[in-house]
Amino acid sequence: MSETFEFTAENLELAKKHIAKYPDGKQASAVLPLLDLAQRQHGYVTDAAINAISEMLSMARIRVMEVATFYTMINLK
């Protein structure tokens, strides 16, 4: 299991573009696209990716987990 997660430079730019689509205070709406990017980068979404995304979006970790576990297209293993 990965202890750390960082988006590649290319994916970080894509993540920033997704976040920028939403008005101030609504950046959490980018959670699903960021989960998808993390999954495409790593093959599945790791706990470290969940933590990194929650920090990027200033969301509680549990909120990111709720989205990740709700959508069947997001693989956690």
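Taking each heavy atom of Q41 and E6 in turn, the nearest pair found is NE2-O, 2.8 Å. The nearest pair of heavy atoms linking A68 to L76 is CB-CD2, 4.0 Å. When all heavy atoms of Q27 and I19 are compared, the pair lying nearest together is CG-CG2, 3.6 Å. What you find for L34 and F7 is that their closest heavy atoms are O-CZ, 3.7 Å. Shown here for A38 and I53, the closest heavy-atom pair between the two residues is CB-CD1, 4.1 Å. Looking at every heavy atom in both residues, M56 comes nearest to A15 through CE-CB, 3.9 Å.
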| message | Under the criterion side-chain contact (heavy atoms from CB on, under 4.5 Å), I'd like the reasoning laid out for L35 against V31: C-alpha separation, chi angles, the key distance, then a yes or no. | response | CA-CA 6 Å; L35 286 167; V31 67; 4.1 Å; yes

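In the hydrophobic cluster analysis, where Ile, Leu, Val, Met, Phe, Trp and Tyr join through side-chain heavy atoms closer than 4.5 angstrom, F5 is grouped together with L12.
Residue E10 holds its CD atom at 9.5 Å from CG of L37, rounded to the nearest 0.5 Å. From M59, atom CE reaches atom OG of S29 across 8.5 Å, with rounding to the nearest 0.5 Å. Summarising the geometry, atom OH belonging to Y71 is positioned 12.0 Å from atom CG belonging to D36; distances are rounded to the nearest 0.5 Å. Expressed to the nearest 0.5 Å, how far NZ of K77 lies from OG1 of T46 amounts to 14.5 Å.
A salt bridge links R61 with D47: at least one charged nitrogen is closer than 4.0 Å to a carboxylate oxygen.
The closest donor-acceptor contact from the side chain of Q39 to the backbone of M73 lies under 3.5 Å.
The number of heavy-atom neighbours closer than 6.0 Å to CD of E66, taken from other residues, nucleotides and ligands shown, is above 12.
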